[in-house]
Amino acid sequence: MNKLILGDNLEIMRKMESETVDLIYLDPPFFSNRNYEVIWGDDGEIRSFQDRWSGGIEHYIAWLKERVIEMHRILRKTGSIFLHCDWHANAEIKVEILNKIFGNSNFKNEIIWSYKRYTAVSNRFQNLHDTIFWFSKSKEQIFNEQREEYGENSGKMDSHYKQDEDGQWFRWQKRKGKEPYKVFLSDGRRIGDVWEMSIINASSKERIGYPTQKPEKLLERIIKSSSNENDVIFDPFVGGGTTIAVAEKLNRKWIGIDQSVQAVKVTEFRLSNDRNLFSQPFTVQLYKYDYDTLFNKNAFEFETWIIDQFGGIGNTKQKGDFGIDGKTRENTPIQVKQSENIGRNVVDNFSSAIKRSDKALYDNNIQENKIAGYIIAFSFGKGAIQEVARLQNSENLIIKLVRVDEIVPISVKPTLTVEIKDNGQTDKHLREIEFLAKGVTTDGKHIEFYAWDFNFNNEQFSAEILRDTTGKQTKTFKPGKFKIAVKVIDNEGLENTEIIKLKINGKVEKF
Ligand SMILES: C[S@@+](CC[C@H](N)C(=O)[O-])C[C@H]1O[C@@H](n2cnc3c(N)ncnc32)[C@H](O)[C@@H]1O
């Protein structure tokens with residue numbers, strides 16, 4: 001399952017199985033000063049900043065190295081790693097980390113990403129490139145050759161090239177002792193290790209609004225060259241989600257981690273903006289979850305998700321499960337009830353269901369005093385608790401009741417109100433409206449940002465403004481009916497949504 005995970009990538013990678021991902025791209029924070037490096041400014045990112053900054057470059061290298069050790073472990077034999085860095089630390093990264101962990105013999109390329117941009121005047125040359133080190137896990141790594149087109153006129157002036165009877169430009173390529181063969185200009189040239197690509201500029205559609213966002217084109221080349229469809233792409237420093245947005249478009253599976261709530265939520269919204277009929281479902285794993293959202297989630301989605309959080313495996317089909325929704329890794333049945341105050345009858349029905357579905361396992365669990373099944377729900381009534389005790393005493397049948405808040409910590413989402421102010425006509429056709437969103441949190445939490453969809457279609461939130469920290473937006477509208485969706489996100493990643501329906505026609509009304 002495609003997954004976005006909030007957390008320190010070191011902790012999360014330590015729980016991942018060995019040799020399960022095909023391609024890793026990482027763009028870790030540079031070793032530089034705070035003003036330069038901090039993108040999101042939220043608690044998670046600052047914590048990570050403090051983690052690696054305190055002791056200078058040695059400290060930074062040690063911080064990154066322990067992470068790259070985990071990346072090496074979870075990479076498949078045919079897999080590759082692309083580590084994106086720059087002059088701040090690239091020498092140390094290659095010698096102290098990559099050569100040592102992956103081995104010099106698995107060093108494939110030092111890719112230079114060269115770009116143009118304005119830099120401040122200084123007493124040295126401008127820094128106009130980044131470095132991407134490509135290492136493979138073994139000699140069996142995947143490589144799909146990439147080509148680029150020649151310019152319109154290239155080759156045609158070169159006397160080696162001629163046109164064939166179809167008008168195609170080609171030249172003869174000689175081979176030792178064999179017939180020469182034709183090389184066509186239209187096949188382009190093999191790509192080298194210097195990649196000229198523009199950085200994301202101010203007007204780019206992909207732009208999220210922070211300086212180190214990487215262009216999709218760069219990730220496209222990396223992913224196409226070193227993985228195949230359905231492979232698993234992993235980005236442990238997901239940032240604004242470029243890697244996984246591209247992985248999704250190229251039909252790869254993906255996992256992304258970031259320690260910043262803002263990064264994870266911005267990535268989530270970016271993915272939902274890009275969604276189409278063929279998009280695969282994905283889950284977002286936070287530290288805490290909102291009660292109402294879980295309680296009202298689609299039943300099957302809730303089942304699969306909570307079983308996954310519990311460490312089990314959910315059924316892939318919704319029907320025909322004998323009331324068993326999944327299993328633990330030891331094959332113990334799990335039932336999920338998305339409700340409160342579960343009664344005695346649920347326990348009884350479940351005990352018959354587990355007996356019916358696998359009698360041998362059921363008998364064996366009773367004989368060996370093992371847990372025969374789990375029921376997961378929001379809360380359990382007295383009747384259920386007594387019934388569980390009775391079954392254990394009289395039949396030695398052990399059923400465990402597990403509350404949702406024992407599996408995932410529950411929190412409260414922010415409230416949201418949106419005020420609108422009509423600024424009147426700006427010309428004959430357009431009317432200006434000001435929106436003022438105000439999110440309120442409890443328990444000492446705070447608001448991180450707002451996201452806006454000014455053309456909400458009732459189904460999919462598609463953010464036009466991805467990360468607004470002010471809550472204030474001004475928009476002009478033509479006459480007509482409009483649905484505007486606003487989201488507020490707090491520092492635990494919990495969100496609330498408000499939908500405003502406006503009818504604009506000489507005046508502004510809600511409908
Ligand atoms: C340079 S950005 C990545 C940008 C990304 N490649 C893109 O194009 O949007 C680095 C990211 O690493 C995250 N980060 C820093 N330390 C981390 C850690 N220990 N675990 C997970 N994420 C971390 C930061 O929050 C930040 O979003």
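Keep in mind the model is a prediction, meaning the values are calculated, not measured. What's counted below: heavy atoms across the whole structure, side chains too, no hydrogens, waters or symmetry copies. As the structure lists them, so they are numbered: ligands from 1, and atoms in each ligand from 1. Each residue takes its place number in the sequence, starting with 1.
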Sub-4.0 Å atoms of ligand 1 with respect to non-hydrogen atoms of P236: 21 (C), 22 (N)
Atom 14 (N) of ligand 1 - nearest protein heavy atom and its distance: F237 CD2, 3.6 Å
Given side chains that start at C-beta, do those of I199 and W113 come closer than 4.5 Å, heavy atoms only? yes
Under a 4.0 angstrom heavy-atom cut-off, which atoms of ligand 1 come close to G240? 7 (C), 9 (O)
K94 charged N/C atom sitting above F107 aromatic ring, 6.0 Å / 45°: yes
Side chain or backbone, does W40 bring an N or O within less than 3.5 Å of an N or O on ligand 1? yes
Atom 20 (N) of ligand 1 [closest protein heavy-atom partner, distance rounded to 0.1 Å]: N9 N, 3.0 Å
Measure the distances from the heavy atoms of R67 to every atom of ligand 1 and state whether one is below 4.0 angstrom. yes
Polar-atom distance check: Q213 versus ligand 1, any N or O pair below 3.5 Å? no
Checking F477, F456, F454, F435 against F482 for ring-ring contact (aromatic ring centres under 6.0 Å, His included), the one that qualifies is F477
Tested for ring-ring contact (aromatic ring centres under 6.0 Å, His included) against W254, the lone hit among Y25, F234, F282 is F282
Any idea which atoms of ligand 1 are less than 4.0 Å away from a heavy-atom of T212? 1 (C)
Give the numbers and elements of all ligand 1 atoms closer than 4.0 Å to a heavy atom of T242. 7 (C), 8 (O), 9 (O)
Just jot down the ligand 1 atoms closer than 4.0 angstrom to any heavy atom of P29, in number order. 15 (C)
With heavy atoms of K214 as the reference, note each atom of ligand 1 found under 4.0 Å away. 6 (N), 7 (C), 8 (O)
To check your reading of the model: name the closest protein heavy atom to atom 6 (N) of ligand 1, its residue, and the distance in Å. D27 OD2, 2.8 Å
Is any side-chain heavy atom of E45 closer than 4.5 Å to one of F49? no
Test item, V238 contacting ligand 1 (heavy atom, 4.0 angstrom): yes
If you take all heavy atoms of W134 and S226, which pair is closest and at what distance? CZ2-OG, 3.7 Å
Going by heavy atoms, is G44 under 4.0 Å from ligand 1? no
Side-chain touch T78/Q141, heavy atoms, less than 4.5 angstrom: no
Is there a side-chain contact between R467 and W40, using heavy atoms and a 4.5 Å cut-off? yes
Do I489 and V261 touch side chain to side chain, with heavy atoms closer than 4.5 Å? yes
What part of I39, side chain from CB on, backbone N/CA/C/O, both or neither, has a heavy atom under 4.0 Å from ligand 1? side chain
Which atoms of ligand 1 sit under 4.0 Å from any heavy atom of G7? 20 (N), 21 (C)
Just go through D8, D258, D42 and tell me whose heavy atom is the nearest to atom 11 (C) of ligand 1. D258
May I ask you to test the I484-K475 pair for a side-chain heavy-atom distance under 4.5 Å? no
Does some side-chain heavy atom of F82 sit less than 4.5 Å from a side-chain heavy atom of I111? yes
Backbone or side chain, does any N or O of S48 fall under 3.5 Å from an N or O of ligand 1? yes
Among protein heavy atoms, which sits nearest to atom 9 (O) of ligand 1, and what does the distance come to when rounded to 0.1 Å? Y210 OH, 2.2 Å
Could you tell me whether F49 approaches ligand 1 through its side chain, its backbone, both or neither, with non-hydrogen atoms closer than 4.0 Å? neither
Quick one: which ligand 1 atoms are inside 4.0 Å of a heavy atom on S260? 25 (O)
Looking at side-chain heavy atoms only, is the closest gap between I244 and I233 below 4.5 Å? no
Distance to 0.1 Å, residue and atom name: give those for the protein heavy atom nearest to atom 22 (N) of ligand 1. Q259 N, 3.1 Å
Write down the atom of K413, the atom of E495, and the distance for their closest heavy-atom approach. CD-O, 3.4 Å
